[in-house]
Amino acid sequence: DVVIRDVTSGREDRLSLSRTSGRVHWFPDGRHLLLLMSDPDQLKTPSQSWYRVDRTSLGTERIASYRTERDAWGLAGSASLDPAGRSLYLAGYVYPSQSLDRVFVVDLSVNRHRQIFQRPQRDSERPAAGSEHVGLAVSPDNRQLAMSYIDFASATIRVATLGIDGQGF
């Protein structure tokens with residue numbers, strides 16, 4: 001279960017949902033939350049999804065998901081909403097690689113994803129399969145995307161910027 005507590009009123013609401021990773025973001029409207037949670041059918045096929053949770057009604061909507069199946073795309077726990085809350089940017093990979101070297105965008109109006117970027121990398125920069133060593137942030141003017149990742153060879157964190165369309169790395 002997920003418990004959402006309003007610190008002003010002390011009210012607690014309980015969502016009977018599958019396990020959450022603890023990743024949470026606000027939508028710009030201040031009414032919805034974005035949560036990464038395991039899917040109910042996870043015993044059949046391991047999967048996680050990003051859900052939009054209505055803070056008032058407690059309604060949930062799956063907005064992006066992945067499964068570890070052949071020809072699937074995978075997501076890290078890294079996500080960033082654009083300032084208007086219309087697009088969700090996610091770090092991920094394309095099966096069977098599992099190297100978190102790509103950025104996908106989900107158009108939330110139609111719940112469709114597309115890859116916008118694949119990072120050129122040396123082997124030393126490749127995060128281990130399933131790791132969460134990639135961070136993403138959309139700029140306030142919605143023109144750039146910042147991406148952080150670990151260079152294991154030099155033990156440094158690198159931060160790169162690119163256009164919101166994936167160009168200009």
List the residues meeting side chain to side chain contact (heavy atoms under 4.5 Å, CB included) with [X], not counting sequence neighbours, and say none if there are none.
{"X": "R112", "result": "V110"}
{"X": "P83", "result": "V138, N142"}
{"X": "Q115", "result": "V94, R102, F104, Q118"}

Please list all pairs passing the side-chain hydrogen bond (donor to acceptor under 3.5 Å, both in side chains) test where one or both residues lie in residues 160-169, with sequence neighbours left out.
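Of all non-adjacent pairs touching residues 160-169, none passes side-chain hydrogen bond (donor to acceptor under 3.5 Å, both in side chains).
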Could you tell me which residues satisfy side chain to side chain donor-acceptor pair (under 3.5 Å) with [X], sequence neighbours excluded, listed by chain and number?
{"X": "D13", "value": "R11, R55"}
{"X": "S109", "value": "D107"}
{"X": "D29", "value": "H32"}
{"X": "R31", "value": "D54"}

Got a sec, which residues hit salt bridge (Lys or Arg N to Asp or Glu O under 4.0 Å) with R114, two or more places apart in sequence or on another chain?
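In terms of salt bridge (Lys or Arg N to Asp or Glu O under 4.0 Å), with neighbours along the sequence ignored, R114 is linked to no residue.
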I'd like to check the salt bridge (Lys or Arg N to Asp or Glu O under 4.0 Å) partners of R143; sequence neighbours left out, ordered by chain and number.
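Salt bridge (Lys or Arg N to Asp or Glu O under 4.0 Å) check on R143 returns nothing, list empty.
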Passing candidate, side chain to side chain contact (heavy atoms under 4.5 Å, CB included) with W50, options L81, L90, L35:
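Passing option: L90.
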List in chain and number order the residues that pass ring-ring contact (aromatic ring centres under 6.0 Å, His included) with F27, two or more places apart in sequence or in another chain; answer none if no residue qualifies.
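Per chain and number, F27 pairs via ring-ring contact (aromatic ring centres under 6.0 Å, His included) with no residue.
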